Amino acid sequence: MLMHETMRWFGPHDIVNLRDIRQSGCAGVVTALHHIPVGDVWTVEEIQLRQSMIEAEGMTWTVVESLPVSDDIKKGRGNYLLHIENYKISLENLAACGIKVITYNFMPVLDWLRTNISYTLPNGAKALYFERLAFVAFDLYMLKRPGAEKDYELPEIAAAIDWMATRSEEEKEQVFNNALLGLPGSMGRFTPEEVLAALDSYKGISTGKLKENLIYFLREVVPVAEKLHLKMAIHPDDPPYAVLGLPRVVSSEQDIADIIQAVPSPANGLCYCTGSLGVRADNDLVGIIKRLGQHIHFLHLRNTKRDANGNFFEADHLGGDADMFTIVRELLLLMRQRNVSLPVRPDHGHQMLDDLNKTTYPGYSAIGRLKGLAELRGLQMGISRSLVD
Ligand code: DNO
């Protein structure tokens, strides 16, 4: 049994269109209704409209990524009760349209964070990059987050001062712009004022409180999902540790185990993202499949290369720190044991060839993802054939 191959499509505004996606050879599309404000209901009409576009190109919409969880829900304040009720209605509507997997995350304010979205690799292709010192310099001296210096050791602050003194204005501006990039599916940027206000609104929300709010949310929505035969798949934090003084609760195997144990249900599961989890050397990627595999509902396969200073860049899908051979082998064994074909997508890709002249959503140019998917497909095929004896 092979994985169900998908590619992400951001919708009608994505310059990578459905025809391009179909040529990658995948059968499924992962998308979201990015135009609906977070917290509002996804109506059957809107879902079907998107679905019909995908089906007209001969593919199916299998996985939602993401049905976003509002900051009010994450904070347990404001309109959170209304948003949870709306979330349940959206789940009902998605199930009525035949969707099976719902991806979401519980990262406060920002989704993923990088300091450079066009880091040039030795071969001229471009990758997403997180440079630790650039990020510290951004936090302390560009965003000027009140109290930020409490989060860093003195030598790191000194190194960030040095970073500011030695880098060009252009480079600083780039870091500033990249760190303020909006959410996936949008080309927008936050203003520093917006980010500072959003950070301030999380005052008083400790890690424990955020976890409590996640569990509250899950206790509400997981029974609904279970009844509808939907699978909820939480996406890990990216990067998998606290940033900008915000708490993070989906960064390690222990976090994921806690989340699953708090609301036991086949519907309460994980989007297994090797790129996000793999940034932490103490995350045992193969062990997570072995121990929590029953709860893995969606796969993001991507690779990162980290160094001792806390920097990482997005490597080739089969390169980097994650041992993709062993991971894919373990996943194929898991699928065989569970008798399911898990949906997978090549997460991110290098900007390369003709795509170097195009503006796409960061990480989501077509050719690099296609290369990643093709490599993963070959790896999968080889392992799968060798497993059949
Ligand atoms: C980045 C993605 C994430 C993911 C969300 C899921 O490219 O993997 O943004 O879609 O975190 O909610």
Side-chain angles (χ1 to χ4, degrees), residues 6-11 14 16 29-34 36 38-39 42 61-71 73-74 87 90-91 94 99 101-114 116-117 127-130 178-179 181-188 190 210 214 217-218 221 225 230-241 243 246 248-251 255-256 259 269-279 296-304 312-315 317 322 343-351 360-366 368-369 372-373:
T6 69
M7 289 269 275
R8 191 179 200 175
W9 181 54
F10 285 110
D14 197 335
V16 181
V29 170
V30 171
T31 192
L33 304 180
H34 296 283
I36 298 184
V38 178
W42 289 18
W61 181 6
T62 340
V63 178
V64 166
E65 179 175 355
S66 303
L67 182 57
V69 178
S70 70
D71 276 297
I73 296 179
K74 292 172 186 167
Y87 206 95
S90 298
L91 290 180
L94 286 161
I99 307 280
V101 180
I102 313 294
T103 318
Y104 68 103
N105 72 70
F106 221 76
M107 287 177 257
V109 187
L110 302 162
D111 198 313
W112 55 268
L113 198 66
R114 298 289 184 272
N116 189 346
I117 56 167
L128 305 184
Y129 183 50
F130 182 87
N178 294 334
L181 265 179
L183 304 174
S186 108
M187 287 291 199
F190 294 104
L210 186 68
L214 169 55
F217 168 72
L218 289 174
V221 301
L230 289 172
K231 306 286 187 207
M232 300 286 297
I234 194 162
H235 189 282
D237 305 327
D238 183 2
Y241 38 75
V243 286
L246 291 165
R248 296 277 225 193
V249 292
V250 199
S251 296
D255 287 340
I256 300 161
I259 292 164
L270 171 69
C271 169
Y272 174 77
C273 177
T274 51
S276 304
L277 290 167
V279 162
I296 293 178
H297 299 315
F298 182 29
L299 310 170
H300 279 185
L301 298 184
R302 158 165 84 79
N303 224 319
T304 54
F312 65 88
F313 70 92
E314 301 200 358
H317 285 74
V344 62
R345 70 175 182 81
D347 197 19
H348 304 177
H350 292 160
Q351 193 181 359
T360 54
Y361 296 112
Y364 288 92
S365 52
R369 283 189 294 152
L373 180 64

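Every number for a ligand or one of its atoms is a count from 1 in the order of the listing. These figures come from a predicted structure and were not determined experimentally. Computed over heavy atoms, backbone and side chain alike; hydrogens, waters and symmetry mates excluded.
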Close-contact set for ligand 1 against Glu65 heavy atoms, below 4.0 Å: 2 (C), 4 (C), 8 (O), 10 (O)

Aromatic ring pairing Phe10/His34, orientation class (parallel under 30°, perpendicular over 60°, tilted between): tilted

Approximate separation, where rounding is to 0.5 Å, of His297 NE2 and Leu230 CG: 10.5 Å

Option whose closest heavy atom lies nearest to atom 12 (O) of ligand 1, chosen from Ser66, Pro362, Ala32: Ser66

Element-labelled atoms of ligand 1 that are located less than 4.0 Å from some non-hydrogen atom of Asn105: 5 (C), 6 (C), 11 (O), 12 (O)

Sub-4.0 Å atoms of ligand 1 with respect to non-hydrogen atoms of Trp112: 1 (C), 7 (O), 9 (O)

Centroid separation His235 to Tyr104 less than 6.0 Å: no

Sub-4.0 Å atoms of ligand 1 with respect to non-hydrogen atoms of Met107: 11 (O)

Proximal atoms of ligand 1 relative to His348 (non-hydrogen, under 4.0 Å): 1 (C), 7 (O)

Pairwise distance CG(Asp347) to CD(Glu314) - rounded to 0.5 angstrom: 7.5 Å

Point-to-point distance, once rounded to the nearest 0.5 Å, from CG of Asn303 to NE2 of His317: 8.5 Å

Arg345 to ligand 1, any heavy atom closer than 4.0 Å: yes

Region of Asp238 that comes within reach of ligand 1 [heavy atoms, distance under 4.0 Å]: neither

Interatomic distance, Leu299 atom CG to Leu270 atom CG [nearest 0.5 angstrom]: 9.0 Å

Asp111 and ligand 1 - part of the residue with a heavy-atom distance under 4.0 Å: side chain

ring-ring contact (aromatic ring centres under 6.0 Å, His included) against Tyr87, all qualifying residues, sequence neighbours excluded: Phe217

Ligand 1 atoms in contact with His300 (distance to a heavy atom under 4.0 Å): 8 (O)

Atoms of ligand 1, numbered as shown, that sit under 4.0 Å from any heavy atom of Arg8: 1 (C), 2 (C), 7 (O), 10 (O)

From Thr304 atom OG1 to Leu277 atom CG, the distance as rounded to the nearest 0.5 Å: 10.0 Å

Ligand 1 N/O within reach of Thr103 N/O, cut-off under 3.5 Å: no

Proximity to ligand 1 by part of Tyr104, non-hydrogen separation under 4.0 Å: backbone

Atom pair CG/CZ of Asp238 and Arg302 - distance to nearest 0.5 Å: 5.0 Å

